[in-house]
J.: 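Structure below; questions to follow.
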Amino acid sequence: MSAYSKIENKWRKLWLKARVYEPDLRKAKKPFYNLMMFPYPSAEGLHIGSVRTFTGIDIYGRFKRMQGNNVFEPIGLDGFGINSENYALKIGAHPVKQAKISEKNFYRQLEMIGNGFAWRERLETYDTDYYKWTQWIFVQMFKDGLAYRKQSPVNWCPSCKTVLADEQVLPAGKQEFAGECERCGSKIEKKDLEQWFFKITDYAERLLSGLDKIDWPESVKVAQRNWIGRSEGYSLKFPLVGIPEQEDRKHSIDIFTTRPDTLFGATFVAISPELAKRWINAGWQASDEIKKYISSALARREGREISGEAEKTGVFFGIHAINPANQEKIPVWISDYVLDTYGTGAIMAVPAHDSRDFEFAKKFNLVIREVISPNGRDHDLRSAYMDPGVMINSAKFNGINSEAAKIEITKFAGGDRKINYRLRDWLISRQRYWGPPIPMIFCSACGKLGKGERKDMPGWYSVLEKDLPVRLPFIKDYRPQGTGESPLAKDKKFSKVKCPKCKNWACRETDVSDTFLDSTWYFFRYLDAKNKRKLFDWLRVKRWLPVNMYIGGSEHSVLHLLYSRFITKAFFDWKIINFDEPFPKFRAHGLIIKGGAKMSKSKGNIVNPDGYFKDFGADVMRLYLAFMAPLDSGGNFRDEGISGVDRFLVRVKKLGAKLAKTSKDGLSKNSEKLLHKSIKKVGEDIENLHYNTAISQMMILLNEFEKLPSLPWHPYGIFLKLLAPFAPYLTEELWQNFSFKGSVASGWKKQNSIHLESWPKFDPKKIKDENFKLIIQINGRVRAVLDATTGISEKEALEMATNDENVKKYLSSLAGSPKKTIFVPDKLLNLVI
RNA sequence: GGGCGAGUGGCGGAAUGGUAUACGCGCACGACUUAAAAUCGUGUGCCGAAAGGCUUGAGGGUUCGAGUCCCUCCUCGCCCACCA
């Protein structure tokens, strides 16, 4: 037990009862939505890093509150989804039961950190009242044409017999583990299944342009831009030759390129193994050799794409295409270096000007023809020449600049400008148990007749809004099937449903949606968490959104933040909100490490906050975590470091004993100056999330106050206010003890809380210095530091300098008079000899 | 391979182009104590007896003056990765 537990418990209860942190969501005059990414209740409990983020943003929120804002700081749990389910699987508990246990543990931990949470609005994504609206969003996406089904390969672990999310397949970076299941280490395979997708690609352009108007760290914006991967290029058609006229056969290949200027040097076409397989499935003839290559290439590609280092393989497809620029007959190859998921799955290969094509052509002895040259002549190509240059070997385009040739050659070859994106549609289905059932129904009877809610998807109906939520049934064996179906498929009571159209027996969709969907919209729901009839009350949303300040981990730079922006833009298009960027201001927090290494179970260096909060108290831990480093950078968690802030708080408490008897006493001029400087600095530092330097400034101020024989009341009150966002419990207690306002004995009221006091203001006049240290430099080196009066002229400064013994010595030894003097008012004088 | 970020004491870190190492930890010495802890005080980048010199990953540049701006390189961290 820490020395503070008693007062912490007292104030926690009083604050809760008085609703100090519950703004009126319907009427607040100066709403300020202070949001942190909600946690998913992990196995180990609240991570010390999350605690730092939560208390960190709470410091900001308390500061904003004292500045007169109605601060709303909600909290909830992102407890639905694969992570929680895997934990349940691991310990052999049922996710439904485990959720309740984790929930209790997390809320217990979140209560002890001293945050001003609006507890009444808390939510959990697995709550029926919550996921009802997750499903509602799915229904709207379907009706709007933004949800669709398509065949897609999923990750499948043959040993766990389960479908895995991409995040669960070890990434390519760790070479020796690439493409392995994170749980059992088996090689991941791909299975083709019909999956639901959200058409996020429709929003690619807006997701890109929206970045320009939001205040986010540049690195996060760059990450999103790269993820979206807009590429301006051209599409070209390569006709195929020698193909018998048959309906079911392709007669040309479409490709995307950013380098049409190299078209005359395109000496072969390469297509992805996946595309080749689709053609063969559609009726193409292919030799056994080719089929064998395709299946071995696909097998190698299972799991994540292998690293760029891997050697390229390929096989001649046995057909030829026509280069549209020079009508040359060029071979069509199948190769594993062609990505199926980017562009059209087919490329024109220009070995002379693309390193990958070059490598491939060398290996298979294909024609390499130079068409761009740095100097207008052929030269010996040892590697691909990828820079711009002068056109050669390109018929009538010879001699012109390659940049100019891009559009000319495209026109000549009958191509078009095309913008291509790296971004792919969002795969939303999960063949899992622990998530919101996708609210769709398939009727085979309607499907045969081509009927459905949407013409492009015969037989598919969304669940009627009045029938939402589609409740996740409790099933005993929730383990993933490995059949490509969700465990829900086994529950016939669940999956058998009447068709909303023809009333015959139909099938319910048994997949659940991706966890990331749950977290795209939680900040809307916080505003109206108890509303059973609507997603949210429009007036509240109008009053509070978009979010004023959002803080979270940069690991969500791409997925969560991009998906949330996407859903918000969809809401905007559905006209249920009037803004289309949810987080105009976002800041990423840093990572704290322990003993120089990232915290992990295998290293055994995970810090459990429970013991620390118990031993030191919330105020000390909040201060320690804030003092470690600026919030947006990391820090090393060291037990020894805690004592510094612990002592600091003890001294703050002791300082109260020194309070002067009357409130009339003033401070000396110097102390007052420091006080006002501190008010300024602490405020500015909090605004910039530089809590470490704010605390350092308060320590300096405390050191000054401690030196005084007695301390007047007023400055002590100001000091407590500056400290209040960091150490909410102790400052509230001292505020009350010294009767700045009310006391518990006289019936403590909300209005008496230090946390609703106004933030101190500094007087710019009182900050002005009358004296300063004049730095005298000779040739840029400091030779004297003199006390001077603020505002002295260059002449006066020079006089002071030349009268100084030390300076005299240098001037005489260097035997010269200053050639030049540089004078920075109230700062320094530099004599150049 | 590409993108982003970072390299400052024994440690976390601080420095609008103007006294580098604030604040804190740790350490040393001293006071208090029978003693220890706690507390308080003093000191604490490196070399040097001192005067003084050197020091922000390495090297160059711009500047009267560079931790800060520019170029080259090295190391570490994170993200992406055959994106045509």
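Quick note on labels: first sequence line is chain A, next is B, and so on, each numbered from 1.
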J.: Quick check on B:G24: is either OP1 or OP2 less than 4.0 Å from any side-chain nitrogen or oxygen of A:R647?
T.: no

J.: Would you say the side chains of A:R422 and A:N226 form a donor-acceptor pair under 3.5 Å?
T.: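 No, because no side-chain N or O of A:R422 sits under 3.5 Å from a partner of the opposite role on A:N226.
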
J.: When you measure from the side chain of A:I822, which nucleotide among B:G3, B:U39, B:G18 comes out closest?
T.: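 Selected nucleotide (nearest to the side chain): B:G18.
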
J.: Regarding A:S643, tell me which of base, sugar-phosphate or nothing describes its non-hydrogen contacts under 4.0 Å with the strands shown.
T.: sugar-phosphate

J.: Would you classify A:G343 as touching base, sugar-phosphate or nothing, given that sugar-phosphate means primed atoms plus P, OP1 and OP2, and contacts are heavy atoms under 4.0 Å?
T.: nothing

J.: Can you figure out which of B:A84, B:U19, B:G12 approaches the side chain of A:F256 most closely?
T.: B:A84

J.: Taking pairing as Watson-Crick or G-U wobble with both contacts under 3.5 Å, can you name the mate of B:U39, or confirm there isn't one?
T.: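 By the stated definition (distances under 3.5 Å), B:A31 pairs with B:U39.
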
J.: Is any side-chain N or O of A:N703 closer than 4.0 Å to OP1 or OP2 of B:C23?
T.: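 For B:C23, neither OP1 nor OP2 has a side-chain N or O of A:N703 closer than 4.0 Å.
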
J.: Have a look at A:Q777 and say if it touches a base, only the backbone sugar-phosphate, or nothing, with a 4.0 Å heavy-atom cut-off.
T.: base

J.: Please name the nucleotide paired to B:G7 by Watson-Crick or G-U wobble geometry with both distances under 3.5 Å, or report none.
T.: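 Because both required distances fall under 3.5 Å, B:G7 counts as paired with B:C74.
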
J.: Given atom CG of A:L798 and atom P of B:C64, what is their separation to the nearest angstrom?
T.: 19 Å

J.: Report yes if at least one side-chain N or O of A:K820 is closer than 4.0 Å to OP1 or OP2 of B:C64; otherwise report no.
T.: yes

J.: Does B:C64 have a Watson-Crick or wobble partner in any strand here, with both distances under 3.5 angstrom, and which is it?
T.: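 The base-pairing partner of B:C64, which may sit in any strand shown, is B:G18.
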
J.: Both distances under 3.5 Å, Watson-Crick or G-U wobble: report the partner of B:G12, or none.
T.: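 Partner of B:G12: B:C23.
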
J.: Should the pair A:Y337 and A:F360 be assigned to parallel (<30°), tilted (30 to 60°) or perpendicular (>60°) ring geometry?
T.: tilted

J.: Quick check on B:G53: is either OP1 or OP2 less than 4.0 Å from any side-chain nitrogen or oxygen of A:R783?
T.: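 Yes, such a contact exists.
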
J.: Contact class for A:V558 (heavy atom, under 4.0 Å): base, sugar-phosphate, or nothing?
T.: nothing

J.: Return the nucleotide paired to B:C46: Watson-Crick means purine N1 to pyrimidine N3 with N6-O4 or O6-N4, wobble means G-U with N1-O2 and O6-N3, both under 3.5 Å.
T.: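 Paired with B:G53.
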
J.: Going by atom types only, do A:E704 and A:S671 share a side-chain donor-acceptor pair under 3.5 Å?
T.: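 Yes, a side-chain donor-acceptor pair sits under 3.5 Å.
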
J.: Could you check which of B:U19, B:A22, B:A84 has an atom nearest any side-chain atom of A:T258?
T.: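 So the side chain of A:T258 is nearest to B:A84.
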
J.: Using a heavy-atom cut-off of 4.0 Å across all strands, would you classify A:N830 as base, sugar-phosphate, or nothing?
T.: base

J.: Under 3.5 Å, is there a donor-acceptor pair between the A:D639 and A:Y612 side chains?
T.: yes

J.: Determine the contact category for A:V824: base if any of its heavy atoms lies under 4.0 Å from a base atom, sugar-phosphate if only primed atoms, P, OP1 or OP2 are that close, otherwise nothing.
T.: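 Contact class for A:V824: base.
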
J.: Begin with the C-alpha distance, continue with both residues' side-chain angles, and end with the deciding distance and a verdict on side chain to side chain contact (heavy atoms under 4.5 Å, CB included) for A:L631 and A:I551.
T.: CA-CA 10 Å; A:L631 192 63; A:I551 298 189; 4.0 Å; yes

J.: How is A:I700 classified with respect to the nucleic acid when contacts are heavy atoms under 4.0 Å: base, sugar-phosphate, or nothing?
T.: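 Sugar-phosphate contact only.
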
J.: Measure the distance from CD1 on A:I593 to P on B:C78 and round it to the nearest whole Å.
T.: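 Rounded to whole Å, this separation is 10 Å.
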
J.: Does any N or O donor sit under 3.5 Å from an N or O acceptor when you compare the side chain of A:K827 with the base of B:U16?
T.: yes

J.: Does either side chain, that of A:D416 or that of A:S235, offer a donor lying less than 3.5 Å from an acceptor on the other one?
T.: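 On atom types as modelled, these side chains do not qualify, holding no pair under 3.5 Å.
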
J.: Expressed in angstrom and rounded to an integer, what is the separation of A:K773 atom NZ from B:A20 atom C1'?
T.: 18 Å

J.: State whether a side-chain donor-acceptor pair under 3.5 Å links A:T821 with A:E794.
T.: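 Present: a donor and an acceptor within the cut-off.
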
J.: Using whole Å, what does the distance between atom C1' of nucleotide B:G13 and atom CE of A:M628 come to?
T.: 11 Å

J.: Does A:R225 have a side-chain nitrogen or oxygen under 4.0 Å from the phosphate oxygens OP1 or OP2 of B:C79?
T.: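 It does not, given that no N or O in the side chain of A:R225 lies less than 4.0 Å from OP1 or OP2 of B:C79.
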
J.: Hey, does A:R651 reach any base, or is it just sugar-phosphate, or nothing, if we go heavy atoms under 4.0 Å?
T.: sugar-phosphate

J.: Check every atom of B:G12, B:C80, B:C82 against the side chain of A:D336 and return the nucleotide holding the closest atom.
T.: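 Of the candidates, B:C82 comes closest.
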
J.: Does A:S231 put a side-chain nitrogen or oxygen below 4.0 Å from OP1 or OP2 of B:A84?
T.: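 Yes, because at least one side-chain N or O of A:S231 sits under 4.0 Å from OP1 or OP2 of B:A84.
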
J.: To the nearest angstrom, how far is A:F648 atom CZ from B:C40 atom P?
T.: 13 Å

